[in-house]
Visitor: 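Sharing a structure here in structure tokens format.
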Amino acid sequence: MSSASPRTRWIFAGQLGPAFDDGGPMMIVEARSVFGRRPMHRAKAHLLLSAMRHRVAELGDRVEYHRVERYDEAVDGREDLEVIDPTSWAARRFVRRRGIAVLPSRGFVTSEQDFRDWADARAGKRLLMEDFYRSVRERTGLLMRGDQPEGGRWNYDHDNRNPPPKNASRLGLPDPWWPEEDAIDDEVRADLDQWQADGLVRLVGEDGPRRFAVTAAEAEESLKDFVESRLGDFGPFEDAMLSGDWTMAHSLLSAPMNLGLIDPLHVVETVVAAHASGEAPLRSVEGFVRQIIGWRDYVWHLYWYLGEGYRTDNNALGATTPLPEAFLNLDVDAIEANCLHETIDGMRRHRWAHHIQRLMVLGNWAIQHGYDPVALNDWSIDMFVDGTPWVMPANVIGMSQHADGGIVATKPYVSGGAYISKMSDFCGGCRFDPKVRLGEDACPFTAGYWAFLDRVEPRIRHNQRMAQPLAGLRRLADRDAVVDQERRRDHW
Ligand SMILES: Cc1cc2nc3c(=O)[nH]c(=O)nc-3n(C[C@H](O)[C@H](O)[C@H](O)COP(=O)(O)OP(=O)(O)OC[C@H]3O[C@@H](n4cnc5c(N)ncnc54)[C@H](O)[C@@H]3O)c2cc1C
Ligand code: SF4
């Protein structure tokens, strides 16, 4: 390559916004094999392709666009390419093996070097999200008054996390802003139909209408709408679930952020500005900022810090059950547990579920039933509209399945039906009773909780934070009967 000609920047599906564009020539490669590796949610495949093709249309003459079967068809033999460091171990290996020039990653509030410095300074200590989050607040000055946190507290979790309003089936907020589909969306849909008819892809879940942003302009609309109509209620209802309200007060910004369409620092600055101008209460703003500069950056950095083997080499609870068809096909017909039925049906229809549904319904069910954590990790990547290889391991292998034995979370996130009953309206419409653990009405989460503890007791005995639940298990008069019932129960 002549030193005068600029390199062509190959951008990936997580790099489709202005933050990844420095004005030079660009290249986008649409490799069909990516969509055929495993079953994928149809609307997720649609979103990815739509976002790439919208970016191609925006960049016009400045972009080379390749539709190929495999990436190497477009890339091998090229000596003029550069990339912004991609977002998965596999993609990083691919570009390095081909000698492509690599620039530092973007799309997060902190750099990989920032995290390494922070982690190195804590040598030998636990890498707690809370400590990381505070260090990012201090470094960025977000929600800070000098060296003190805004409002005098770092954390408003105790004021938040309310149950849903009593006897309500919705929070009563205006419908979120939805994008309007265009000819590109139609073309993508037709291509997916054709690929499916040709047996090249296996798609599950319901199709359209598209609900998530595919351009920077749409992502900005989505942010504006969240700040105006839902941010105020985000904190109090961040953990609540209602069967008639699939979005609750959540931002729906994970997909556009993970596509690289909108910069996370811009998102949090907008939210902090809404607080400064009196439009949003601190409890909601702090709760939201923590999700992005805390959790999102933290799980991204852990993906690299914990190494590629973290996904596959951890199975601390000896979980090997294959995922059932109900999960694999998002088929809810036979699911009687109303909370699980609603959550998987929501994924089928909306390709999304909010955090507590993912953690305390889906994840809780999976850990109780000993689902293979790697299979769950990969299925989550394919089924969630915002699923990516980097976001899942800390969330699934670590937080939700405790397969890492306590690196990310000090104890398994597992609960009986009482938690779900308190935080949702699901139990009212369920044929089971969250208070009952034995007999016809026994709630599968409540009974499953004890059966889980019974099964993993030898593996978690040493965990001080599990001492109380295990003491409860030992006192359980009908322990054997509950365990036997759950062993025999045929869920679907
Ligand atoms: C088992 C499990 C699987 C998950 N899978 C994904 C996933 O595939 N993609 C994804 O982006 N998030 C995932 N999360 C985190 C979180 O549930 C989603 O980010 C959130 O539900 C997305 O909806 P939202 O944009 O409306 O989020 P909001 O509730 O409005 O939160 C704001 C933002 O905070 C960030 N965030 C909050 N928690 C996390 C977290 N634990 N990890 C990463 N980012 C976080 C997201 O960017 C999100 O957009 C998962 C969590 C669990 C427990
Ligand atoms: S009773 Fe149990 S299974 Fe039914 S909705 Fe409540 S927690 Fe879920």
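Both counts, for ligands and for their atoms, begin at 1 and track the order of listing.
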Visitor: Considering the heavy atoms of Met257, write down every atom of ligand 1 situated less than 4.0 Å from one of them.
Guide: 47 (O), 49 (O)
Visitor: With a cut-off of 4.0 Å, which atoms of ligand 2 are near a heavy atom of Ala337?
Guide: 3 (S)
Visitor: By number and element, which atoms of ligand 1 are closer than 4.0 Å to a non-hydrogen atom of Phe234?
Guide: 28 (P), 29 (O), 30 (O)
Visitor: Note the single closest protein heavy atom to atom 6 (Fe) of ligand 2, along with its residue, its atom name and the distance in Å.
Guide: Cys427 SG, 2.3 Å
Visitor: Judging by distance only, is a nitrogen or oxygen of His354 under 3.5 angstrom from one on ligand 1?
Guide: no
Visitor: Going by the order shown, which atoms of ligand 1 are within less than 4.0 Å of some heavy atom of Ile292?
Guide: 33 (C), 34 (O)
Visitor: Taking atom types as modelled, find out whether Asn364 and Ser415 have a side-chain donor-acceptor pair closer than 3.5 angstrom.
Guide: yes
Visitor: From the options Met399, Met392, Arg358, Arg230, select the one whose nearest heavy atom is closest to atom 52 (C) of ligand 1.
Guide: Arg358
Visitor: Taking the side chain from Arg42 and the backbone from Glu206, do they hold a donor-acceptor pair closer than 3.5 Å?
Guide: no
Visitor: Can you confirm whether or not the ring centre of Trp300 sits under 6.0 Å from the ring centre of Tyr303?
Guide: no
Visitor: Should you measure from each heavy atom of Ser251, which atoms of ligand 1 turn up under 4.0 Å away?
Guide: 24 (P), 25 (O), 26 (O), 27 (O), 28 (P), 30 (O), 32 (C)
Visitor: Between ligand 1 and Ser400, is the shortest N or O to N or O distance under 3.5 Å?
Guide: no
Visitor: Hey, are the side chains of Phe237 and Leu242 touching, using non-hydrogen atoms and a 4.5 Å cut-off?
Guide: no
Visitor: Is there a nitrogen or oxygen of Leu252 sitting under 3.5 Å from a nitrogen or oxygen of ligand 1?
Guide: yes
Visitor: For Ala353, take its heavy atoms, then give the atoms of ligand 1 lying under 4.0 Å from any of them.
Guide: 21 (O)
Visitor: Considering the heavy atoms of Asn258, write down every atom of ligand 1 situated less than 4.0 Å from one of them.
Guide: 9 (N), 10 (C), 11 (O)
Visitor: Check the angle between the aromatic planes of Trp118 and Phe115 and answer parallel, tilted or perpendicular using the 30° and 60° thresholds.
Guide: tilted
Visitor: Tell me whether Pro434 reaches ligand 2 (any heavy atom closer than 4.0 angstrom to a ligand atom).
Guide: yes
Visitor: Is Trp352 touching ligand 1 with its side chain, its backbone, both, or neither, if touching means heavy atoms under 4.0 Å apart?
Guide: side chain
Visitor: Against heavy atoms of Trp295, which atoms of ligand 1 measure under 4.0 Å?
Guide: 38 (N), 39 (C), 40 (C)
Visitor: With a cut-off of 6.0 Å (strictly less than), are more than 12 heavy atoms of other residues, nucleotides or ligands near CD of Gln113?
Guide: yes
Visitor: Distance to 0.1 Å, residue and atom name: give those for the protein heavy atom nearest to atom 32 (C) of ligand 1.
Guide: Phe288 CE1, 3.4 Å
Visitor: Output the distance between atom CG (Leu259) and atom NE2 (His54), rounded to the nearest 0.5 Å.
Guide: 12.5 Å
Visitor: Hey, does Thr87 have a side-chain heavy atom less than 4.5 Å from the side chain of Thr388?
Guide: no
Visitor: Phe212 versus Leu252: any side-chain heavy-atom pair under 4.5 Å?
Guide: yes
Visitor: Taking the minimum heavy-atom distance to atom 48 (C) of ligand 1, which of Gly363, Ser222, Ser254 ranks first?
Guide: Ser254
Visitor: Where is the nearest protein heavy atom to atom 8 (Fe) of ligand 2: which residue, which atom, and how far?
Guide: Cys339 SG, 2.4 Å
Visitor: Mark up the atoms of ligand 2 that fall under 4.0 Å of a heavy atom belonging to Pro444, in ascending order.
Guide: 3 (S)
Visitor: Among the heavy atoms of Trp300, does any lie under 4.0 Å from an atom of ligand 1?
Guide: no
Visitor: Any idea which protein heavy atom is nearest atom 21 (O) of ligand 1, and the distance to it?
Guide: His355 N, 3.4 Å
Visitor: For His250 and ligand 1, does the shortest N/O to N/O distance drop below 3.5 Å?
Guide: yes
Visitor: Please report whether ligand 1 has a polar contact with Thr388, defined as an N or O pair separated by less than 3.5 Å (distance criterion only).
Guide: no
Visitor: Picking from Arg358, Arg161, Lys422, what satisfies salt bridge (Lys or Arg N to Asp or Glu O under 4.0 Å) with Asp239?
Guide: Arg161
Visitor: If you take the nearest heavy atom of each of Lys44, Met129, Gln291, which one is closest to atom 45 (C) of ligand 1?
Guide: Gln291
Visitor: Numbering the atoms of ligand 1 from 1, which are under 4.0 Å from a heavy atom of Leu359?
Guide: 53 (C)
Visitor: Applying the side-chain hydrogen bond (donor to acceptor under 3.5 Å, both in side chains) test to Glu238, which of His355, Arg290, Gln291 qualifies?
Guide: Gln291
Visitor: Is there any N or O on Leu253 that sits under 3.5 Å from an N or O of ligand 1?
Guide: yes
Visitor: Measure centre to centre between the rings of Trp89 and Trp304, then say whether the value is under 6.0 Å.
Guide: yes
Visitor: Atom 12 (N) of ligand 1: which protein heavy atom is closest, and how many Å away?
Guide: Val391 CG2, 3.8 Å
Visitor: Got a salt bridge between Arg134 and Glu130, using NZ or NE/NH1/NH2 to carboxylate O under 4.0 Å?
Guide: yes
Visitor: When you measure from atom 9 (N) of ligand 1 to each heavy atom in Asp386, Val361, Asn395, which option holds the nearest one?
Guide: Asp386
Visitor: Who's the nearest protein heavy-atom neighbour of atom 4 (Fe) of ligand 2, and how far?
Guide: Cys430 SG, 2.3 Å
Visitor: If you have a sec, work out which protein heavy atom is nearest atom 2 (Fe) of ligand 2 and how many Å separate them, to one decimal?
Guide: Cys443 SG, 2.4 Å
Visitor: Between Ser424 and ligand 2, which part of the residue brings a heavy atom under 4.0 Å of the ligand: side chain, backbone, both or neither?
Guide: neither
